Amino acid sequence: MLEISKLNVSYGKRKIIRDLDLRLDKGKILSIVGESGTGKTTLAYSIMGLIKERSENGTIQGEIFLDGKDINKMGKEELRKIRWSKLSLVFQNVEDALNPVYTILDQVKEPLQEKKSEEKALYMLEKVGFPVHRAKAYPHQLSMGEKQKALIAMAFVCDPELIILDEPTSAMDVMSKESVIKLLKTLCKDKTALLITHDLSTAASLSDNMAILYGGCIVELSPTSLLLSEPRHPYSRGLIRSYPDMYRTKDLQGIRGRPEFIESGCPFHTRCTQSINICRDKRPRLNVSNQPDRYIACHRGGIVPLLEVKGLIKSFGNFKVLDSVDLTLFEGETLTLVGESGAGKTTLAKTIMGLLEITAGQIYLDGEEMKGNGFHRRIQMIFQNPRESISHRMNIFHAVEEPLKIQDIGSKDERLKAVKKVLSEVQLPTDEEFLERYPHELSGGEAQRVVIARALILNPKLIIADEPTSSLDASVQAKIMKLLNNIQEERGLSVLFITHNIALARKISDRIAVMQSGKIVKRGSSSKIFNLGILKNL
């Protein structure tokens, strides 16, 4: 029914929509989701033919076909005829959308232009749950929910074929939001609708398919339930992590940096944890992925595996501690390994790090088999006991500096600068007095921060954290975990977290793998694992 091809929209010199292609089939509801400022409302105005009317310096190029007719080639009179009757828009800002000098009844009946317009307008107001005895009230006399219902009635009164809903539930309380969602489900049944929203819960409730918009480009398009449960683009995952009501167990985590409109390359590359050279130079196309009805615009095909463990076996004599372990950790995620003491969690961590020799199997980092000293620049470990993992003969400066010396990185002055920078990052002092302290002079929390700084000094892509807070009191544990979470977000780290603390696993994990007797017996998203009650006996 609606087909958009090569759509470009600019305001002055700033291009907001870039080469956008989109198709919306009859009878389907498609949600367009993204952060504020990514171009969602501009897309809605483009479809309505309102760009030049709403902005003096607005320019639009490309094709927008509605039932085979290009909206961009229509004159004002032709556009006037199809608005409300063929396509209509529920505007985002109710205060701006309603005329303050006209009653609600006058505004709802205006699009009808027929003898029984008042009767039809009152019927529509009643249908949307608006108190009809207040139909002759003015907008300033109504609540936010009543104004929203009036706008919805206005959009549906002419029974249009295509409805565009621009943030229909924004700034609403929970009860009003639920009421409006229930209403829209009824009104949109058997209709074609485009839902513009930053609210993922509204999109989940109303849409069949979801498109993620960033920097004026669609970066992922998929059936709604699949995209929300298994996002494949780094931006989609970051967006879902930011919402408190997506049935997630993990604490909120944002996206590093801020939205930008990039002139060249992938629009997300400046904030992406897995960008490579081509991402800076060439814009990716929205291509079909290896799953049906799923499209991703990413040069790497979506979120890539960073660590892959295949058929890993570790034996001590005749005793097999790790038994054919397969494990995948994706770029930028936290995978938590849980299980009883003796299940093989720490042995797996030390084997991945190369501290124990592999009996059989392979370990890959970024697609390359991990061999030699070089891979330790990309993978580091935070050990369980901080006082045992740094030498008591070294002061703080030398303990944190040591990985740089081992890897022969930087001059003496450059290493001092790097040490101070990473200590500041983990919220520790950088003055000479602190640098000359020894581990026994630190509190447990300070010692653990030093260990974290030592692990970060080489700027690794992967951190293995083996019970890093088990010896700390609850208050210090919370601070350390918040610190790790913030560092992961800022640096784009992948984290393999090992713990027997189930409550902690719930708060930090994107996915969970359960170990028993040297094998991984269950794995899945944190929400799925906890909802199934898999961990209740551990």
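Since the model is a prediction, treat every value here as computed from it, not as a measurement.
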What are the two closest heavy atoms between [X] and [Y], and how far apart are they?
| X | Y | answer |
| --- | --- | --- |
| Val219 | His233 | O-CD2, 3.6 Å |
| Arg23 | Leu30 | O-CD2, 4.4 Å |
| Asp326 | Arg523 | O-NH1, 2.8 Å |
| Ala121 | Lys109 | CB-CB, 3.7 Å |
| Val33 | Ala203 | CG2-CB, 4.0 Å |
| Tyr235 | Leu213 | CE2-O, 3.8 Å |

Do [X] and [Y] have side-chain atoms, one donor and one acceptor, less than 3.5 Å apart?
| X | Y | answer |
| --- | --- | --- |
| Asp199 | Thr197 | no |
| Thr42 | Tyr11 | yes |
| Arg285 | Tyr295 | no |
| Ser201 | Lys177 | yes |
| Ser509 | Ser526 | no |
| Gln488 | Thr334 | yes |

**Message:** Would you compute the distance between atom CD1 of Ile487 and atom NZ of Lys482 and round it to the nearest 0.5 angstrom?
**Reply:**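 So the gap between those two atoms works out to 13.0 Å.
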
**Fill in**
Taken to the nearest 0.5 Å, the spacing of Leu87 CG from Thr192 OG1 works out to 11.5 Å

Please tell me if the side chains of [X] and [Y] come closer than 4.5 Å, counting only heavy atoms from C-beta onward.
| X | Y | result |
| --- | --- | --- |
| Leu20 | Lys6 | no |
| Phe330 | Arg511 | yes |
| Leu98 | Met154 | yes |

Do NZ/NE/NH1/NH2 and the carboxylate oxygens of [X] and [Y] come within less than 4.0 Å?
| X | Y | value |
| --- | --- | --- |
| Arg491 | Glu425 | yes |
| Lys86 | Asp67 | yes |
| Glu220 | Arg232 | no |
| Glu146 | Arg134 | yes |
| Lys461 | Glu331 | yes |
| Lys191 | Asp159 | yes |
| Lys40 | Asp166 | no |

Heavy-atom neighbours of [X] [atom1] exceed 12 at 6.0 Å:
| X | atom1 | answer |
| --- | --- | --- |
| Gln141 | CD | yes |
| Gln61 | CD | no |
| Asp293 | CG | no |

**Request:** Check the pair Leu43, Ile4 against side-chain contact (heavy atoms from CB on, under 4.5 Å), reporting the backbone distance first and the verdict last.
**Result:** CA-CA 10 Å; Leu43 176 59; Ile4 300 173; 4.0 Å; yes

**Message:** Between Asn72 (side chain only) and Gly62 (backbone N and O only), is there a donor and an acceptor less than 3.5 Å apart?
**Reply:**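 Indeed, once roles are kept as given, a pair shorter than 3.5 Å links the two residues.
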
**Thr224 side-chain N/O to Ser207 backbone N/O, donor-acceptor pair under 3.5 Å** =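 Answer holds: yes.
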
**Request:** Kindly indicate, with the supporting measurements, whether the criterion side chain to side chain donor-acceptor pair (under 3.5 Å) is fulfilled by Glu35 and His198.
**Result:** CA-CA 6 Å; Glu35 293 170 286; His198 63 257; over 6 Å; no

**Request:** Begin from the C-alpha positions of Leu484 and Val495 and carry the test side-chain contact (heavy atoms from CB on, under 4.5 Å) through to its verdict.
**Result:** CA-CA 9 Å; Leu484 280 173; Val495 178; over 6 Å; no

**Prompt:** Which of parallel (below 30°), tilted (30 to 60°) and perpendicular (above 60°) describes Phe91 and Tyr45?
**Reply:** tilted

**Message:** Using the rule given for side-chain contact (heavy atoms from CB on, under 4.5 Å), can you reason through Ile47 versus Leu194, listing the C-alpha separation, both sets of side-chain angles and the distance that settles it, and then say yes or no?
**Reply:** CA-CA 10 Å; Ile47 297 169; Leu194 189 68; 3.4 Å; yes

**Request:** Begin with the C-alpha distance, continue with both residues' side-chain angles, and end with the deciding distance and a verdict on side-chain contact (heavy atoms from CB on, under 4.5 Å) for Ile464 and Ile498.
**Result:** CA-CA 8 Å; Ile464 300 176; Ile498 297 170; 4.3 Å; yes

